[in-house]
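Everything below concerns the one structure shown next.
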2 protein chains.
Amino acid sequence: MTPIAHGDDNSGAERSPEERLREHLKSRNLRITPERLTVLHGAMTQSGHFDAEELLEALRRSNRPVSRATLYRTLDHLAEAGLVKRHHFQEGHARFESNFNRAHHDHMVCERCGQVIEFVSEQIEALQEEICEQHGFRAHGHVHQIFGLCKDCQAEHS
Amino acid sequence: MTPIAHGDDNSGAERSPEERLREHLKSRNLRITPERLTVLHGAMTQSGHFDAEELLEALRRSNRPVSRATLYRTLDHLAEAGLVKRHHFQEGHARFESNFNRAHHDHMVCERCGQVIEFVSEQIEALQEEICEQHGFRAHGHVHQIFGLCKDCQAEHS
DNA sequence: CTGACTGCAAAATGTTTGCAGATTC
DNA sequence: GAATCTGCAAACATTTTGCAGTCAG
């Protein structure tokens, strides 16, 4: 039974993100440009989840602005290279998350205070693999988000 | 151990969708209009998942056209009333699913052809409850999507 | 009658694309 | 030098909103 992927593709995590991006681009005859390295660096140093607009603004603030078009085009490459994960949650737009040297995890999100609790369950992971096998489905990743009220907000809310 | 909710709110599933919508609207001093009933019936008779455009077209074809604006506004009400579920898969737009007398299930989504496979695992559900309890988290629902390649697309892609 | 609803068209998002000039290899 | 990039602005796709007239209660 092959371990299920999580979109991590963290094989080769010993190499730096930059090395990995360089390699990815080279292998496709794409060019290594300052803009792409800027976006990479920005994405790697964002804390937690971020969307395109947030990253754009962060780069602008750190005086290394990049055009919206280049940002979107580069995020595609980073996702393909497995350096970021792209999520489509309940919102109408994509959110990203650095995927470098980051262990797989899922999320509980408090609907009241927005707190995010990470969780991992090997048992759930194993069950997912089983289900995929049963359907001949080759998993690339998954989103598993539980939403509700965290401990604090339950107390406060009573 | 309280069973985890899935955002279904399928309590009162014995009443017809129309009764449930009427009740929902009445309780908020909203009006019961032909258009809203049309959208409701359309949504209930779509097979499987559908998006706004598909429903709009279906209603048009069955000679009960509704404006795009009304469709979107009504889908919000249906979702609030728990009569449909709104999903955000890998695409940039929402897909809906009738939630009337529908048991809880999660999804595998093919990234290539968009096919959606439903799955349920009592074991995973139970593990989720456990995890929530461990964190003192009160779950209201969850999103569990596995994305990857379906059987057909794996073959075709080889 | 009054406030909510509808359709329309315009606006607002979030993302993609065509193009001309700049840049990487 | 050739092919790929970048930024810009325009195009797109989806969803939301303002408004004037219509309709449910």
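Every chain is numbered from 1 and lettered A, B, ... according to where its sequence line falls, protein lines coming before strand lines.
- To the nearest angstrom, P of C:dA4 lies 17 Å from CD of B:Glu35.
- At the phosphate of D:dC5, neither OP1 nor OP2 sits under 4.0 Å from any side-chain N or O atom of A:Thr70.
- Side-chain atoms of B:Glu125 and B:His104 form a donor-acceptor pair, as typed in the model, at a separation below 3.5 Å.
- Of the listed nucleotides (D:dG7, C:dG7, D:dT4), D:dG7 has the atom at the smallest distance from the side chain of A:Val66.
- Nearest to the side chain of A:Tyr72, among D:dA2, C:dG18, C:dT16, sits C:dT16.
- We find that CD of B:Glu57 is positioned 14 Å from P of D:dT14, with the value rounded to whole Å.
- Between the side chains of B:His142 and B:Gln128, at least one donor N or O sits under 3.5 Å from an acceptor N or O.
- No donor-acceptor contact under 3.5 angstrom links the side chains of A:His77 and A:Arg28, judged on distance only.
- Toward the 5′ end of DNA chain D lies the nearest nucleotide of A:Leu25, the other residue of the pair B:Ala69 and A:Leu25 mapping further downstream.
- The ring of B:His49 has its center closer than 6.0 angstrom to the ring center of B:Phe89.
- If you measure from atom NE2 of B:His88 to atom P of D:dA13, you get 19 Å, rounded to the nearest angstrom.
- Rounded to an integer number of Å, the gap from B:Leu56 CG to D:dA13 C1' is 14 Å.
- Distance CG (B:Leu71) to P (D:dT17): 15 Å, rounded to an integer number of Å.
- Between D:dA24, D:dT15, D:dC5, one nucleotide has an atom nearer to the side chain of B:Pro34 than all others, and that is D:dA24.
- Between B:Asp76 atom CG and C:dA4 atom P there is a gap of 17 Å when expressed in whole angstrom units.
- No donor-acceptor contact under 3.5 angstrom links the side chains of A:His107 and A:Glu118, judged on distance only.
- Across the interface with DNA chain D, nearest-nucleotide mapping of B:Leu30 and A:Arg73 shows A:Arg73 to be the residue nearer the 5′ end.
- Here the P atom of nucleotide D:dT6 and the CG atom of A:Leu37 are 10 Å apart, to the nearest Å.
- With hydrogens and angles left out, the side-chain atoms of B:His135 and B:Glu130 include no donor and acceptor closer than 3.5 Å.
- In this structure, the side chains of B:Leu40 and B:Glu18 come closer than 4.5 Å at one or more pairs of heavy atoms.
- Put simply, B:Thr33 has a side-chain N or O that comes within less than 4.0 Å of OP1 or OP2 on C:dT6.
- Protein atom CZ of B:Arg60 is 11 Å distant from nucleotide atom P of C:dG7, rounded to whole Å.
- Comparing D:dT16, C:dC5, D:dT6 by their nearest atom to the side chain of A:Arg36 picks out D:dT6.
- Near DNA chain D, meaning a heavy atom under 4.0 Å from it, residues 91-98 of chain B has B:His93, B:Ala94 in order of number.
- When distances are taken from the side chain of A:Arg68 to each of D:dA2, C:dT15, D:dG18, the shortest belongs to C:dT15.
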